Undergrad: 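Please find one structure pasted underneath; my questions will follow.
Proteins come first, then strands; the chains are lettered A, B, ... in the order of their sequence lines, and each starts at number 1. In this text, all values refer to a predicted model and were calculated from it rather than measured experimentally.
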Number of protein chains: 2
Amino acid sequence: MSATTSPTPAKLQLMELLAAIGTAQWRDFAAAAAHHGLTSTQAKVLAQLNGPLPMRALATLLVCDASNVTGIIDRLEARSLVRREPDPSDRRVKNVVATDEGRDIIRRVREEMQATSGALDTLDPAESTTLYELLARLRPGMEKSA
Amino acid sequence: MSATTSPTPAKLQLMELLAAIGTAQWRDFAAAAAHHGLTSTQAKVLAQLNGPLPMRALATLLVCDASNVTGIIDRLEARSLVRREPDPSDRRVKNVVATDEGRDIIRRVREEMQATSGALDTLDPAESTTLYELLARLRPGMEKSA
DNA sequence: TCAGAACACTTGACATTATCAATTGTTTAC
DNA sequence: GTAAACAATTGATAATGTCAAGTGTTCTGA
């Protein structure tokens, strides 16, 4: 192991830069979400709901207690942005599904992330491709549970 | 302007990839913070405190109400991780400064971000440099207030 | 088979984080 | 030198987070 034996200065700088960009993108996302009457957490949940997802899986993705998810989904369901559906193969599980309205609102939130979008416009196609490939290489390692 | 006239599919994919990496890094950060008895927000504040920072500036960085910062700093101060200092040139302002203990704990949190750190190890020096340069180009545009 | 462990979700109690409206004290601008 | 603007705090309230306990369902192994 020893993933962090003696980090190069360059590596620390890169981590800091990644953090700064992550923070900036999060700000952009949160602002767009607020513009549609969603809290950051609610928007984050909607963004995860590409397909049906058990409550437990959501808790894992959000890295929070399962009981927390209950309340978040309660509020989203009260606004008709998601539905709870029983899982056909396991009666313990409830799958959360975005409604049409929920999909619509998160699509609009994504469209309104202008700071992020505008920043990406400053890269030419070749640079975009390079960036995409490097980040794609990075992704699997970062998503490993520590 | 029209930052979002007709987004290329590639651009949307790049945004999604950036979001995924930002999320993964945040998870890593939050887990390391929790390991040291800090909430994500508390760790985020400590991470910003390279030098003295007025409460108001912190609220701007966190994109939240100033009154929220009061409580967060109260709790950090109760644990001796930060100090409030009067601003010599403006008596309205209180500058927040990390204590030695505060600097120490956030340093350790950064050192324990193993998922992020490990992922960066998969890039060779040339790739790291390329990534750094591309992200550095991206950063200013993303930090613009939307 | 069937008793108990493990699991998914919920509830209740409580701390933290967030917003807003209102207050106090201090500049700044006219 | 007063009025507007500002920095920070307080108090009320909602949203998010944790943990412990409880219900119902599934899995495991003797």
Undergrad: Whole Å only: how far is the CG atom of A:Leu76 from the P atom of D:dA15?
TA: 11 Å
Undergrad: Please step through side chain to side chain contact (heavy atoms under 4.5 Å, CB included) for the pair A:Leu131 and B:Leu131, ending with a clear verdict.
TA: CA-CA 7 Å; A:Leu131 181 58; B:Leu131 180 58; 3.7 Å; yes
Undergrad: Salt bridge check, A:Lys11 against B:Asp121: does any charged N sit closer than 4.0 Å to a carboxylate O?
TA: yes
Undergrad: Could you state the atom-to-atom distance from CD of B:Gln42 to C1' of C:dA18 in whole Å?
TA: 14 Å
Undergrad: Checking A:Met142 against B:Ile21 for the side chain to side chain contact (heavy atoms under 4.5 Å, CB included) test, could you report, in this order, the C-alpha distance in whole Å, the side-chain angles of both residues, the deciding distance, and whether it holds?
TA: CA-CA 7 Å; A:Met142 295 193 55; B:Ile21 288 191; 3.8 Å; yes
Undergrad: Rounded to whole Å, please give me the gap between CZ in A:Arg79 and C1' in D:dA15.
TA: 12 Å
Undergrad: What is the nucleic acid contact for B:Val63, judged by heavy atoms within less than 4.0 Å: base, sugar-phosphate only, or nothing?
TA: sugar-phosphate
Undergrad: Applying side chain to side chain contact (heavy atoms under 4.5 Å, CB included) to A:Ile73 and A:Leu58, what does each step give before you reach the verdict?
TA: CA-CA 10 Å; A:Ile73 297 301; A:Leu58 268 176; 3.9 Å; yes
Undergrad: Between B:Arg137 and B:Glu133 (salt bridge meaning N to carboxylate O under 4.0 Å), is one present in this structure?
TA: no
Undergrad: Measure the distance from CG on A:Asp87 to P on D:dT25 and round it to the nearest whole Å.
TA: 14 Å
Undergrad: Quickly work out the A:Arg27 CZ to C:dA18 C1' distance and round it to whole Å.
TA: 17 Å
Undergrad: CZ of B:Arg75 versus C1' of C:dC14: gap in Å, rounded?
TA: 13 Å
Undergrad: Measure from CG on A:Leu61 to C1' on C:dA8 and round the result to the nearest Å.
TA: 16 Å
Undergrad: Go through the steps for B:Arg84 and B:Asp74 under the test salt bridge (Lys or Arg N to Asp or Glu O under 4.0 Å), then give the verdict.
TA: CA-CA 9 Å; B:Arg84 282 172 167 96; B:Asp74 281 351; 2.9 Å; yes
Undergrad: So, does B:Arg91 get its side chain near the phosphate of C:dT27, meaning an N or O under 4.0 Å from OP1 or OP2?
TA: yes
Undergrad: Which listed nucleotide (C:dT26, D:dA15, C:dT19) is nearest to the side chain of A:Thr39?
TA: D:dA15
Undergrad: Side-chain polar contacts of residues 33-41 of chain A - donor-acceptor pairs under 3.5 angstrom, sequence neighbours left out - could you list them?
TA:
{"from": "A:His35", "atom 1": "ND1", "to": "A:Glu112", "atom 2": "OE1", "distance (Å)": "3.4"}
{"from": "A:His36", "atom 1": "NE2", "to": "A:Glu112", "atom 2": "OE1", "distance (Å)": "3.4"}
{"from": "A:His36", "atom 1": "NE2", "to": "A:Glu112", "atom 2": "OE2", "distance (Å)": "3.0"}
{"from": "A:Thr39", "atom 1": "OG1", "to": "A:Gln42", "atom 2": "N", "distance (Å)": "3.2"}
{"from": "A:Thr39", "atom 1": "OG1", "to": "A:Gln42", "atom 2": "OE1", "distance (Å)": "3.4"}

Undergrad: Give the rounded distance in Å between these two atoms: NZ of B:Lys44 and P of C:dT16.
TA: 18 Å
Undergrad: Using a 4.0 Å cut-off on protein heavy atoms (strictly under), produce a 5'-to-3' string for nucleotides 6-11 of chain D with B for base contact, S for backbone-only sugar-phosphate contact, and - for none.
TA: BSSBBB
